[in-house]
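One structure below.
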Protein chains: 2
Amino acid sequence: MSASKKLSTAVKALYFLAETDPAPQSSVKIAEAIGTNASKLRQTLSLLVKNGIVKSTQGTTGGFLLVKKPEHLHLQEIYCAIEDRKAFYLDVNEVNGSGMEPVRKMNGFFLDLFSDIQVDIENKMRNIYLKNIIEQIKL
Amino acid sequence: MSASKKLSTAVKALYFLAETDPAPQSSVKIAEAIGTNASKLRQTLSLLVKNGIVKSTQGTTGGFLLVKKPEHLHLQEIYCAIEDRKAFYLDVNEVNGSGMEPVRKMNGFFLDLFSDIQVDIENKMRNIYLKNIIEQIKL
DNA sequence: ATATTGGTTACACTATGTGTAACAGATTTA
DNA sequence: TAAATCTGTTACACATAGTGTAACCAATAT
């Protein structure tokens, strides 16, 4: 899944958990509500479990439960939980040995630039809490 | 090609043109210098031609020539020239008709967020000129 | 025991990216 | 005029990555 799609799917699921009875919700139920398939959703939610954002219980009455409060959970935390690689992955051409030295330096320049952008994006996401999103959705 | 790779390739080519004799440079020569293949490079450079950033002449003595001065050419202009889709494309899940209405609104939220990020990135690129890059490379 | 659920792996299918080649049109050179 | 060279464009095979689905095990409640 693309990083952004994964993020929006995760937030939709978290939104569903935040707005539903505080009882474990199954992956099937969540998936139906947010319009995705349960198997893929479990893959994403299991990452949220590992990062302590949601809790999961198994068995007949099992499911997923929101642990973090919406006012304390921001997008960057969600993003980091579900994505191992850097946000909005960017790459540059590799340079073979025969290339000009400046070209090699150019790669460094772009990697730095993309890192800067990465930081900007993460800072932006750090200021957006699940609670903010819920409030905005309800307008 | 990914957006970022395309951008770095284009800038490398422009750097080469800026630092070489003001005579048309062939795609083969540029490609060898910056470590890519000529055919793919022509595809990118032709977009720069259409946007008036470089000029191309055909025939035996033909090649590519830098039109815009490095101090007046910024990254955003280069990016817009070579990329039709939005920078660093982001997507969200589509919602089928049976989904909750809030989920539909959530898509709007993320599209807005990603647009904001897009604007931030472009503003950042607007402040980086080819001349800046050249100077930084030479350090 | 049985049923249900999360967690994980596997897999076929699709889409996208990538490098390369080929060719037409334009232009210079001889 | 003929040949050589270059851009611009298209096509294509190949590799890589994304996607949806299914299947299975471990855990847990009834």
Side-chain angles (χ1 to χ4, degrees), chain A residues 1-10 13 17 23-32 34-67 81-85 88-96, chain B residues 1-10 13 17 23-32 34-67 81-85 88-96:
Chain A
M1 240 192 302
S2 71
S4 54
K5 197 169 188 176
K6 212 167 167 181
L7 179 62
S8 69
T9 299
L17 292 179
Q25 301 294 321
S26 75
S27 61
V28 173
K29 199 169 174 185
I30 303 172
E32 282 175 359
I34 68 175
T36 184
N37 72 80
S39 183
K40 211 73 185 175
L41 180 63
R42 284 203 297 276
Q43 293 176 3
T44 299
L45 288 183
S46 75
L47 296 171
L48 297 182
V49 170
K50 285 174 184 167
N51 284 270
I53 296 172
V54 304
K55 204 179 92 179
S56 71
T57 54
Q58 288 185 320
T60 309
T61 60
F64 296 91
L65 212 56
L66 189 55
V67 173
I82 61 179
E83 206 67 30
D84 48 345
R85 65 181 177 186
F88 312 106
Y89 176 68
L90 305 165
D91 61 337
V92 296
N93 255 318
E94 289 178 9
V95 178
N96 49 16
Chain B
M1 239 195 300
S2 70
S4 54
K5 199 169 188 176
K6 212 166 166 181
L7 179 62
S8 70
T9 299
L17 292 179
Q25 302 292 322
S26 75
S27 61
V28 172
K29 198 169 175 185
I30 303 172
E32 282 176 358
I34 69 175
T36 185
N37 73 80
S39 184
K40 212 73 185 175
L41 180 63
R42 284 203 297 275
Q43 294 175 3
T44 299
L45 288 183
S46 74
L47 296 170
L48 296 182
V49 170
K50 284 175 184 166
N51 285 270
I53 295 172
V54 304
K55 204 178 92 178
S56 71
T57 55
Q58 287 186 322
T60 309
T61 60
F64 296 92
L65 213 55
L66 188 57
V67 172
I82 61 179
E83 207 65 31
D84 48 344
R85 65 182 179 185
F88 312 107
Y89 176 69
L90 306 165
D91 62 337
V92 297
N93 255 319
E94 288 177 11
V95 177
N96 48 16

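We use all heavy atoms of the structure for the numbers below, so side chains are in, but hydrogens, waters and symmetry mates are not. Throughout, protein chains are lettered first and strands after them, A, B, ... in sequence-line order, and every chain is numbered starting at 1.
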Distance-only donor-acceptor test (3.5 Å): side chain [X], base [N]:
X	N	result
B:S39	C:dA21	yes
B:Q58	D:dT7	yes
B:T60	C:dT28	yes

Tell me the interatomic distance from [X], atom [atom1], to [N], atom [atom2], rounded to whole angstroms.
X	N	atom1	atom2	answer
A:E83	D:dA17	CD	P	14 Å
B:R42	D:dT5	CZ	P	14 Å
A:N51	C:dG7	CG	P	12 Å
B:L47	D:dG8	CG	P	10 Å
A:N37	C:dT8	CG	P	17 Å
A:Q43	D:dC24	CD	C1'	14 Å
A:K40	C:dT9	NZ	P	13 Å

- Message: Using a heavy-atom cut-off of 4.0 Å across all strands, would you classify B:K50 as base, sugar-phosphate, or nothing?
- Response: sugar-phosphate
- Item | Phosphate OP1/OP2 of C:dG6: any A:S27 side-chain N/O under 4.0 Å | yes
Which atom names give the shortest non-hydrogen contact between [X] and [Y], and what distance separates them?
X	Y	result
B:L45	B:I30	CD1-CD1, 4.1 Å
A:T9	A:I34	O-CD1, 3.9 Å
A:F64	A:L17	O-CD2, 3.5 Å

- Message: Closest approach to the side chain of B:S46, judged atom by atom: which nucleotide of C:dG7, D:dT7, D:dG8 is it?
- Response: D:dG8
